Amino acid sequence: MQKAFPISKIRNIGIIAHIDAGKTTITERILYYTGRSYKMGEVHDGEAVMDWMPDEQERGITITSAVTTCHWKGAEIHIIDTPGHVDFTIEVERSLRVLDGAIGVFCAVGGVQPQSETVWHQADKYHVPKIAFVNKLDRVGADFFGTVRMMRDRLGANCLVMQIPVGIEESFQGIIDLLSMKQLIWDEETLGATFRVTDIPESLMETAIDYREKLVESVAEIDDQIMEAYLAETPITSEMLVPSIRKATIGLRLVPTFCGAALRNRGVQPLLDGIVDFLPSPLDVPPVEGVDPGTGQVKKVLPSERAPLAALVFKVMMDQGRRLNYVRVYSGRINTGDQILNPTKQTKEKVARILAMHANKRQRISEARVGNIVGVVGLKASDTGDTLCDPSNPILLEPIHAYAPVISVAVEPKTHADQEKIELALSKLEAEDPTFHVKYDEDTGQMIISGMGELHLEILVGRLKREFHTQVNVGKPHVVYKETVEQAAQGSAVFEKEIGGIRHFGEVLLELSPRERGKGNWFVNTLPDESLPAEFVPAVEQGAVESLETGVLQGYPVVDVEVALIGGTYKESFSTHLAFKVAAAMACKEGLQKGRPFLLEPIMAVEILIPGAFMGDVIGDINARGGKIEHLERSGEIQIIKATVALSKMFGYSTALRSATQGRGTFTMHFSQYDHALEPPKFL
């Protein structure tokens, strides 16, 4: 039986960062020092506990977020190790949705990298309190204070420097803790499990006093009690500072910043102290809100075991053919055998088993309490973003919003035997990943899979072969285009037909007009009730919305269009919902044709890091791809190029960049926005 920790001692945290900043390495150290693992697994050896998928072990990157639990100083810490690659950003998004706090990890050499910004702003979106860890201080080119400056400049983070490094690069030995004003030096023989606490050497005392003063001033600015003590020149102890820093961190006003070198086993224990001391418990964050599905009334979910159950499914995995749902419990409790309501799907579910997760290992437990993150087996209909609640107290929590895919490939089975397996396998992968879409193209007879990038689709195709033993042929990647209109136009249609002995009549006049890019589609009814009964308006809206799912140019979805209902005629005894729905779809298509439709293509924000000597060649190549250089900056010997380029022009770019820079250039890219396609798709 697991020991039940009080809610105030629970920490639900995520580790977020750019790819290769050291998230998984830090997690492995945390598990080792808290006694959860008996040895450290290394990412580069393919032995990290949290990177359990074969693809993760082969590539040395995190692909799926993994959940584990450990204990430190009387607290129960639930940790989610998230991916850093932009193709798997949904894993970060859905993890942050259910977390109370986060650790942002930054490479002391690379500083604030593109995906660091993305995940940081994702955390800001969900108002998640954060602490920061500047890693890799032992690397050549490491700059702790430069990284802190970049965090302030690029992220707008109010960094509170809690530690300063002792030495840098090869000479990095340990840290000076500015709260206790002591030096911490780690022992190599114990793999960093023990460290010596000594007085600060004379050579570093002046710097330490200076940064301690800055720390106290920063806290005093936002805490009246510390300010009074500071002005009265009363000695300010760490016991006085810790509660104030905790309050400011939870209030999103400060970001306590730690440092170390996880691969060299230095700096992890003080980071664990920081998790317990400064990051919130479920009681410290504002209660989540939901909506009563019956009345639409907003309800607060109080983090109490006595309150009715409210939980959120934030991830689904297929485990040996069975659905394993990852669930965060916000109030009440879940017991094995419970009948619970899924108000999102309007179905009742039965809890067969509850599992405490440790990456891909699990332990059966009898109940999940407030603040717990657990695996639940037995939920047949529940998907990512669905709410689970007490049937007598229904509530709908805010769902998890997925990103639209930007790249597609066609897949086809190699043999007839594979044909039967592929559809089942793809449906299981689609249930796991909200950013992965599968559709059947009736015109070509092909199965089209869509995702967030080339690596994303490559991993999923690899899983088809490895996990589902399905051999497939894969076509070339295709970009997911969209369509929109350039000018306002009207479309009208009359539907009058006898179907099954019933006469249907509906006449609709619509006006379609372009909206600002990224604003999405919008339907508005401008007619008074006497012109068209209100009961037919939803049918008109449904017909128009469904019509916008396929455009008139190439059949791509239509976006950023306002559809206004400006006219309509009905006949008392013959008008039906079906007639108005069909008439609206026909009128919408006519309006699209007249509105000068055009294609939109995904534009990617690209950041390229190269030695300065290759600058001319790389910029020339970006220009040849129709890209636009946005910004140039230098970081030591490295030149950073920021550009925007159409995704269709970026296929195979990694090979081209390696060739142009003798293998020394790297790049990252993420979706920026949809914009006017200058060339039609070549595969059409």
Side-chain angles (χ1 to χ4, degrees), residues 52-56 58-59 63-65 83 85-91 93-94 313-326 344-345 360 377 379-386 399-482 549-550 555-557 602 647 651 671 683:
W52 57 271
M53 287 175 67
D55 280 307
E56 294 178 315
E58 286 173 11
R59 296 167 188 268
I63 292 167
T64 183
S65 52
H85 197 286
V86 67
D87 282 14
F88 310 106
T89 193
I90 184 62
E91 293 287 342
E93 183 86 11
R94 60 185 174 186
V313 177
F314 68 94
K315 181 171 174 164
V316 177
M317 281 191 69
M318 291 299 168
D319 178 46
Q320 298 171 355
R322 301 184 71 181
R323 290 170 79 93
L324 172 62
N325 294 62
Y326 285 77
T344 316
K345 298 281 196 308
N360 65 328
V377 177
L379 310 181
K380 292 185 171 63
S382 299
D383 290 316
T384 298
D386 284 2
I400 295 169
H401 302 289
Y403 297 88
V406 295
I407 186 170
S408 298
V409 295
V411 293
E412 58 184 34
K414 283 190 174 178
T415 67
H416 182 69
D418 290 321
Q419 174 73 50
E420 296 171 9
K421 292 190 285 185
I422 190 170
E423 290 183 24
L424 178 63
L426 287 173
S427 68
K428 288 182 176 180
L429 291 175
E430 196 174 19
E432 284 189 9
D433 187 346
T435 59
F436 175 61
H437 291 182
V438 181
K439 77 170 185 179
Y440 182 74
D441 189 326
E442 293 183 1
D443 294 335
T444 63
Q446 288 181 310
M447 191 79 73
I448 308 294
I449 60 173
S450 307
M452 299 301 292
E454 289 181 272
L455 179 62
H456 186 203
L457 294 181
E458 190 182 319
I459 296 287
L460 289 164
V461 169
R463 289 185 62 194
L464 277 178
K465 296 174 182 175
R466 194 195 302 264
E467 294 176 29
F468 299 97
H469 311 294
T470 304
Q471 297 302 313
V472 293
N473 294 320
V474 182
K476 287 186 177 178
H478 291 170
V479 174
V480 177
Y481 289 80
K482 306 243 188 234
E549 289 174 6
T550 52
Y556 292 108
L647 175 60
F651 293 131
F671 173 73
F683 55 89

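Values in this document were obtained by computation on a predicted structure and should not be read as measured data.
Taking CZ of F436 as the start and CG of L457 as the end, the distance is 7.0 Å to the nearest 0.5 Å. M317 contributes atom CE, which lies 10.5 Å from atom CG of L429 (distance to the nearest 0.5 angstrom). Atom-to-atom distance recorded for Q471:CD and L464:CG is 9.5 Å, nearest 0.5 angstrom. The distance from the CG atom of N325 to the NZ atom of K315 is 11.5 Å, given to the nearest 0.5 Å.
With V409 as the partner, the side-chain contact (heavy atoms from CB on, under 4.5 Å) test is satisfied by one option alone out of I449, I448, V472, L460: I449.
Scanning both residues, P434 and H437, for their nearest heavy atoms gives O-NE2, 3.3 Å. Here the shortest heavy-atom pairing between A425 and T470 reads CB-OG1, 4.5 Å.
Evaluation of the side chain to side chain contact (heavy atoms under 4.5 Å, CB included) rule for K345 yields N342, T347, D383, D386 as partners, not counting sequence neighbours.
Side-chain contact between I400 and V313 is absent, with no heavy-atom pair separated by less than 4.5 Å.
Crowding of K414 atom NZ: a count of heavy atoms from other residues, nucleotides or ligands under 6.0 Å exceeding 12.
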Chi angles and distances behind the side-chain contact (heavy atoms from CB on, under 4.5 Å) call for V316, R323: CA-CA 7 Å; V316 177; R323 290 170 79 93; 4.0 Å; yes
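With hydrogens and angles disregarded, a donor-acceptor distance shorter than 3.5 Å links the side chain of E430 to the backbone of V438.
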